[in-house]
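To find a chain, count down the sequence lines: A is the first, B the second, and so on, and within it residues start at 1.
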Amino acid sequence: MKPSILLLIYLSLAIGGAAGIVYYQSTLPDTEQMNNDVSQKLLSIDGLNASVGELALRSRHHIDNNYDNLTRTTALLEQSLVSLEQRYFNPEQLKDPMLLRNFELLNKEIMIQNDLIESFKSHNSVLRNSVRYAPAAGQNLMQIAREAKLIEAEGLYAQVVRELLEYALLGSSLSEEKLKIALPKLAEIETALPEFAQIAHLEFTRHVKTVLDEKALTDQYLSKALLTTSSSKIQGLSQAWNQWIMQQSSQAARLDQWVMAYIAFLLVGLGFIAWKLRSLYLHLDHEVAVQTAEVQKAFDDLKESESKLVQSEKMASLGQMVAGVAHEINTPLGYISSNVDTIRLNMGELDGILQSVDMISQEISQSKPNTKKIGNIVKRMVHVYRSMRQRETLSEIEDLLQDSSYGLSEISDLVSSLKDFSRLDRTSVLDTDLHQGLDATLKICSSLIGQRQVIKTYGQNIPLIECMPAQLNQVFMNIITNSAQATADDGVIEIITRATDQGVEIEFSDNGSGMSESTIKQIFDPFFTTKEVGEGTGLGMSISYKIIKSHGGDIEVNSLLNQGTQVTVKLPLKQSQASLSVIK
Amino acid sequence: MPTLADTVVTQPRPQVLLVDDEPRILRSLRAALKRDYDITTASNGRDAQKIIKANANLSVIISDERMPGLLGHELLAWSKQHRPQVTRILMTGYSDLQAIQNSINEAEVFKYITKPWNIGELKAVIDDGIIHENTHHQFLDSDRPEPTNECLLAIMNRVNSNDGIYHKVAKSLAKKTVMADDIGAVFNVLERHSNVGVLFVDDDRVDADTVNTVTLIHEKYPSVVIIVATSAADGNSAIKLLNSGQIFRYLVKPLTATRLLPMLQAAIKQYEEKAAKQAHIKQAYSDDTGDSLIKAYWQKVMKLWH
């Protein structure tokens, strides 16, 4: 698999993992703070709940004269529950049904307890009222009975008041029994009482009855309230809560594990990437080194091949020159060698005549020359001679010899042109007659020039110039070769030389195919050629340009497509020191 | 050296036309050849054309390649059209590939002679050319069965990259084609099939081996028309292939079916003409018992050959 795909997969996993952890964490409550809050609240609820019982008992035993504390406490208890429910124990916040059920149980229990406390409070109020007023009413009635001399009634009242207080305050069942027995007795004494006391008596009796009734009810409610299991419910809730918290923290612990795993995964991945980057870097380093070496090598090769190409251009021109010269030499050589063979053949016939002459001289030198024999020999000799004359053998020999010597002079001209062209005898800068170089070059290119007309318009008094003649001849040959190749077989090549203020100007012009503007622009570029593959290296004009520039001269090309081309070479008379070093 | 003229004294001397723009060459050649042949000269192509038109008995034309006006191979190609029986020899001091190719493929020259020439060799070539035109080399391999009209195409393909083209061409020609990978296979084919008319040699490197092979095939089976195709064209080997192997065409690759087809058709035609001529001469030879001209030529040929 590709490294980029692997990296993509890894990054997806890393992002996905991070998102998963964040989401998972968001589903978890902030358990610590919650736990603190809830535990505190549950503790205070427990406390309040205990206070409620205590305060109720205090009220019951008339230690507290009012219900302020009790009422405040129950209200606080309820408030605490409500706030607990709102903050934590509602189904929207808490998904744990067990905990919710526990809370609900507690809530109900507290509600019931509070209702009982309320009932206790109201009954206890009535009871307290009767307990407060009954003794006074009894005292009053005891006074009245004493005054009316109703000793039995007075005693009854005193007993009832005593039993009532005892019952009301201590809750003794004996007192209750006694009170219950005393009640019909009170009804009996009513009639004996003076009329004005009857209302007080009735009121007293009602208080006693109220105490009897309310005391039982009050105790009943109080005991019920005190017997409610709210405390254990609180404990249950507390336990459930603790369990839940533990569960939550185990989940948080699991999250921590996941986070650790995730971090490990990231670290491994990052380590792998780092390793990969390092190896990539090392590889790149290596690659760069290799590439640099290659580029360096290519550069070296290029430099080498440039000099090779310059050399090969020289060799190509040389080859072309040699081929041309070979043809030029082969033509005279052909007829000279053929002529020599023919002359040798003809000489064979002459040999016969010379032999005859020898025979005649031998015959004559004898004492008695045989005239008849001599006559025969002479006759034969004359016959041979006449037949030779008839076949024009002698004049032919003369012609052939003349042609041969002409051919030899042609060859010798060519050889001296070669010498002039290459100037191998002089490798230093010297004062040169350019016309000599031009003539030699034309001679050497003559097979290429063929039938083309060459017009030489050489100026008068052209000064000798300081140059490397062989190099300039190479330039001339390049230009003349291009002209010859660009013109038709019957084309015209003109060479004009003139002296200028700065030096010498040589103008080559032809009526050949010419060049387009784009070709002219590229003409001095190395490797630019319009010739067929193998016909030119594309370096000729580039090298010519270099040569002329190194001579401190200038070369200009003007051309019109299908009209012709004009190349002007300008050369200074003397070379500067700088040029001299470049040329050499 | 004995010459044709010595052997057949009674016959009129063969007529040879020399064409060159250099008068000294004409003079030299005339002086060298005039003993054995009737020499006519022309200094340019136009004059030569007039002479060729006027002279029905012309046997040989020897022409320079580079002349003002008409080039040598152009003149010889023209001559091939107007006097196909005249032996055409090109003589030049400048062996450039294009000129050699043109002289083989367009002018169908008999030989290509480079300057400077050797007069004895030149005479031998001229005599050879005259025999070549008047008799036929097929005559020599008389132990081979009569060629039939059904010409077979043999292709010696050392390259194997052009197989597709050959199959296509063979299909259009409707000629049976035999492929051979090497020299041994080619000789095997030539031994087994009497009617191999055209041999196509496809070889990227035309070296001394190729030249020797072609020469050997031509000497043993002169009736076979040989075409050589190469991607490494070289003037010298082309000259050797022509001069000692008498190749019919010299092609520079790449090859295409459209280029190949007319070439092979021409080669088949050449073969058929050769075969017809050979049959005719053989007939004449068997009728003739004594010192017929052909017999004289035959002896001459044997002499030259050994």
Side-chain angles (χ1 to χ4, degrees), chain A residues 319-320 322-346 348-349 387-388 390-411 414 446-453 488-491 532-535, chain B residues 1 3 18 20-39 41 43-45 62 64-72 74 90-100 113-124 126 231-236 252 254:
Chain A
Q320 198 184 351
V322 166
V325 170
H327 177 249
E328 290 302 302
I329 289 179
N330 276 342
T331 300
L333 204 59
Y335 62 76
I336 291 167
S337 67
S338 175
N339 288 354
V340 169
D341 282 348
T342 308
I343 290 166
R344 190 189 294 130
L345 217 62
N346 290 349
E349 290 178 40
S387 102
M388 276 177 76
Q390 194 200 339
R391 280 189 281 131
E392 297 173 329
T393 305
L394 290 175
S395 68
E396 188 186 81
I397 288 174
E398 183 60 35
D399 285 349
L400 293 181
L401 283 173
Q402 210 176 330
D403 284 354
S404 298
S405 71
Y406 175 84
L408 285 173
S409 72
E410 285 271 281
I411 291 172
L414 269 164
S446 58
S447 89
L448 193 72
I449 292 166
Q451 305 302 315
R452 291 168 187 82
Q453 194 189 346
D489 286 351
D490 56 354
E532 296 279 312
V533 172
E535 277 190 9
Chain B
M1 180 176 231
T3 64
L18 305 173
D20 202 307
D21 61 329
E22 169 62 63
R24 287 172 196 87
I25 287 184
L26 290 179
R27 208 148 42 222
S28 174
L29 281 172
R30 179 198 280 276
L33 300 174
K34 69 177 187 182
R35 284 158 205 274
D36 305 316
Y37 315 100
D38 271 354
I39 305 294
T41 61
S43 62
N44 60 60
I62 301 172
D64 185 29
E65 168 67 8
R66 295 177 140 219
M67 295 182 292
L70 217 55
L71 287 173
E74 290 169 341
L90 199 77
M91 190 177 203
T92 175
Y94 200 78
S95 44
D96 83 282
L97 183 68
Q98 195 55 49
I100 296 161
I113 295 183
T114 50
K115 292 174 185 173
W117 62 90
N118 176 298
I119 202 71
E121 282 172 16
L122 179 63
K123 280 179 185 172
I126 293 169
S231 47
D234 160 51
N236 282 333
V252 180

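Salt bridge A/Asp399/B/Arg27: absent, no basic N to carboxylate O contact under 4.0 Å. Ionic pairing of A/Glu349 and B/Arg35 is present here: one or more N-O contacts between side-chain nitrogen and carboxylate oxygen are shorter than 4.0 angstrom.
Residue A/Asn346 touches chain B through both its backbone and its side chain, counting heavy-atom pairs closer than 4.5 Å. With a threshold of 4.5 angstrom between heavy atoms, B/Asp64 does not approach chain A through any atom at all. Only the side chain of A/Ser337 comes within less than 4.5 Å of a heavy atom of chain B; its backbone N, CA, C and O stay farther away. Heavy atoms of A/Leu333 lying under 4.5 Å from chain B belong to its backbone as well as its side chain. Interface remark: A/Ser404 contributes no atoms to any contact with chain B (heavy atom separation under 4.5 Å).
Applying the salt bridge (charged side-chain N to carboxylate O under 4.0 Å, His left out) test to A/Asp489 and every residue at least two apart in sequence or in another chain returns A/Arg452. Among residues two or more places apart in sequence or in another chain, the salt bridge (charged side-chain N to carboxylate O under 4.0 Å, His left out) test is passed with B/Glu22 by B/Arg24.
A/Ser409 contributes a side-chain N or O that, together with a main-chain N or O of A/Tyr406, makes up a donor-acceptor pair within less than 3.5 Å.
Counting heavy-atom pairs closer than 4.5 Å to chain A, the top residue among B/Ala32, B/Pro116, B/Gly69 is B/Pro116.
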